[in-house]
Amino acid sequence: MDATGPPSPVTDAPPFRYTGALAQVIEARWHDRWDADGTFDTPNPAGPVGDAAAVGGRPKKFILDMFPYPSGSGLHMGHPLGYTATDIYARYQRMTGHNVLYTMGFDAFGLPAEQFAVQTGQHPAITTNQNIANIRTQLRRLGLSHDLRRSISTTDPGYYRWTQWIFLQIFNSWFDPELKEARRIDELIAEFEAGARRPTSGHWAAMSTADRRRELDGWRLAYVSDAPVNWCPGLGTVVANEEVTADGRSDRGNFPVFKRNMRQWMMRITTYADRLIDDLELLDWSDAIKAMQRNWIGRSEGATVHFDVSLVGDASPQPAGRITVFTTRPDTLFGATFMVLAPEHPLVDQLTTADRADAVAAYRRTTEAKKDFDRQDEGREKTGVFTGSYATNPLNGANIPVWIADYVLMGYGTGAIMAVPCGDQRDFEFARKFGLDIVAIQQPPDRTLDTATWADAFVGDAPYANSANDSLDLGGVATVAEGTHLTNEWLMAHDHGEATITYKLRDWLFSRQRYWGEPFPIVYDGDDNPHSLPDSMLPVMLPETDQFAPRTFDPDDAMSNPESPLDRLGEWVHVELDLGDGAQLYHRDTNVMPQWAGSCWYELRYLDPTNENDFVDPANEQYWMGPRTPGASGGVDLYVGGVEHAVLHLLYARFWHKVLFDLGHVSSKEPFHRLFNQGYILAAAFHDERGMYVEASEVQGRDGAYTHEGVSVSREYGKMGKSLKNAVDPDEMCNLYGADTLRLYLMSMGPLDASRPWESKDVVGVHRFLQRVWRNIVDEDTGEPRLLAEPAGAETVRLLHHTIAGVRAELDNLRFNTAIAKLIEFNNHLTKLGGCPADMADPLVKMVAPLAPHAAEELWAKLGHSETITYEPFPVADPAMLVADEVEYPVQINGKVRSHILVAAGAPHDAVQALALADHKVQAALAGSTPKKVIVIPGRMVNIVA
RNA sequence: GCCCGAGUGGCGGAAUGGCAGACGCGACGGACUCAAAAUCCGUUGUCCGAAAGGGCAUGUGGGUUCGACUCCCACCUCGGGCACCA
């Protein structure tokens, strides 16, 4: 590749020139100093690291990174990108008087550590700790101003004790549909006992203990369910919907995933669907991420409609029954000319007539053979079979055939649809293929009502036709919204349906058959009823074993069954406990929690990392997270991380936080008030003729042609990483230039939220900048300060204040690239003066400090200061210095700049106009003609309309 | 198909509706050097021109405006997300 080498070993360079080598000496010195002094320790209002006096009246800022998974290959360049941004912001906030909470933890449970452990035979705890130690070293090297006392790892029993505790909070809660919030299960029991609420079936007083237990389990926010889940034999575990790719494979390992009914833990996240959507309004997140979350939750308003149908099943002759469908267009019900059920719909057996039995069975076999993702291949020709049964259209009494087809999915809505071929393209195609009726119920512009002439379905507002019965007439209705409203009222009044909202979001599958995760704080009695363990028995420690490999299967063996590694540990599984009814035998839950569990609440533990009595002291939570104004969300002030967590971590964490809020454990409605998604780092990647990637750093480039070991290769750009073999190691960059240069380069590449291509040859630009700042202040031969004795002139002072105002504005808005550009401009000006005037040095170094903290600390010390620069006040621009005595106005004629005039600042409109018209270039351009109009924008420009 | 976002020099990028191209890389010229690297100074959108100066330029086509990279409409291209979602 075109990577330039290091600034080559300098033999005759001045001894105190700012080189990569000197930078590393300086940086190591300040890392030690910061550690020794506890420079970045941040006081809490309460608890072990509490110091109310130190907190004082300062405003707070909680600045958070998405914590890393401690991979064996260490940090990749995307980590320093986000971490540098938050560090700069944190340092800037400290210099503007804020009490800043900024630290880093490790999301250390999960599949890769376990898979590595299986490969090497080493316990995952050992490799995890080694990796964490390695990454700590890397983070330290970057000069990140973390409060190290607050660091956590999700694998630490002192941490996962509280993950288990929060799980039990959720387990022992239910969602009150009227109040739309979680409440303690005790309160539900009290409501049942008082008769204030009726159980789903029966009367509480008359129910057996077992029935009561079942009833309560049906309300819990965490529950065991025997529902269809994603079973991945290749991984040997079930996985969440969010972990299955669009083509039906596991996002880790890329194995096939099968829908199977299995007994698993679920979390009732669906009860929070509306709040998860509505509260997005309170958040300072990008529209893109908000849209992704809304899209994933998939709220869809419409109606359920019940169709009477004759059931022909042979079990017991059923005179009549009902098929319930969901539709977003109840107003088109008059046009429903047939119905379609998903092939696996439970009513299909009963609906299939004897003469259709063979055809239906054959069709169901073909669809079963296909995996979910094959069925979602859009554009595929529609397939389906008639069941032999008919339903009645409730609006017009029409007898309409009931079909089954795989374009209807069991997993959405009710698994059945009313087909309105005139108004739905899929139904239209199906009707055309199988010769079913298509009745127009709207009069589209440019079409006749004869649907035989239609090429496709019509969707939109248009006058209704064929849409009236004795009690409902859509004749005069103009819009879909109004038609929907009227139809819904009719359905309600005639007991044929009601307005309904459905969601794409499913409940969260929360158990995994792995070893390296949090054990469930749950035991089962002899009847397999789950019991929560009391807080005093937490943490449930992950048992020691050397058999941590999960049982995996042939990736295509859909009928295999999961076997958790913990199942094998009989001595751990079977326990005698006294849970209040005397000592009894129980067996433990042998699942572990998914990797997302630990990251659902880690920001809260940072607030109070060593608290043994509570997951966080409420006083600390209120101080750091609490809403500052009534109705606000509260939460972390700035959360920076990659967009890849848009619907996984960010949805799960919001859900847990909301439960904790409802139960009164936190004062903030949302965990992350402001979210900023950094862009990806891209880099050139090279592949040979076979499409195999080659190590990008070994590629030679000449005249736009590239070779690797003599073989011609092609260039492309892609996300920097191992898979494209184009990774650049942060440590390597630190070795070449020092951490400050790497930080500046990462920040100067472009806006933080944009993806940007890494170009190693460009790094030298910001390195030269630091070198010039250094040289303007320090003598390269002696290492002593060499400031210009004479004070800065008016122009320099004015530029300084412009720079201060600009840099502040850029840092406030995370626009680090332009902040750096403004500093370079100011420093270039000083360079032209021949050095830094004595009165310019302090403000310059302070402005550099958040961006390049090590160099700034060193310069600050050389300028005679003994304290760290960390808490020095950031320079403030003098407004008086921002206005010039004279302003240069561009003078446009018809929008094109023709001349410039110098005008005293604050000159009146007429004077500016007169000066502009008197300008000789303007005179020449006007050539004697009289301007039609002259526009003067004060302080900006003049435009003459000729 | 739907939902986000982006198209500006050779490259990364900068511009509250007000002088397009800040800042950096690269390139070119020069200084230092025996030489090279490193460093420093200068030039650098493009076309015409010796110069002064002028023409053309922010994906394409329209529009609003005294004035548009910026706002509106349509389209094209690229990136990201979702998708037989009823």
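Below, read A as the first sequence line, B as the second, and so on, with proteins coming before strands; counting in each chain starts at 1.
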- Query: If you pin A:Asp287 and A:Gln771 to their nearest nucleotides in RNA chain B, which one's is more 5'?
  - Reply: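 Closest to the 5' end, via its nearest nucleotide, is A:Asp287.
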Across the strands shown, which category fits [X] at heavy-atom distances under 4.0 angstrom: base, sugar-phosphate, nothing?
X: A:Ala288; answer: sugar-phosphate
X: A:Ile824; answer: sugar-phosphate
X: A:Lys832; answer: sugar-phosphate
X: A:Met749; answer: sugar-phosphate

May I ask you to establish whether A:Lys382 and A:Tyr407 are in a cation-pi arrangement, using a distance under 6.0 Å from NZ or CZ to the six-membered ring centre and at most 45° from the ring axis?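 The answer is yes, since A:Lys382 meets both limits relative to A:Tyr407.
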May I have the distance from A:Lys504 (atom NZ) to B:C2 (atom P), rounded to whole angstrom?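 Roughly 15 Å, once rounded to whole Å.
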**Asked** To the nearest Å, how far apart are A:Glu644 CD and B:G80 C1'?
**Response**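 About 12 Å, once rounded to whole Å.
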Looking at [N], I'd like to know if its phosphate oxygens (OP1 or OP2) sit under 4.0 Å from a side-chain N or O belonging to [X].
X: A:Asn828; N: B:G24; answer: yes
X: A:Arg294; N: B:C85; answer: no
X: A:Arg17; N: B:A38; answer: no

| query | CD of A:Glu795: more than 12 outside heavy atoms within 6.0 angstrom? | reply |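 At most 12 heavy atoms, drawn from other residues, nucleotides or ligands, come within 6.0 Å of this atom.
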* Asked: Could one point to a donor on the side chain of A:Asn943 or the base of B:C66 with an acceptor on the other under 3.5 Å away?
  ->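 For A:Asn943, whose side chain was compared with the base of B:C66, there is a donor-acceptor pair (under 3.5 Å).
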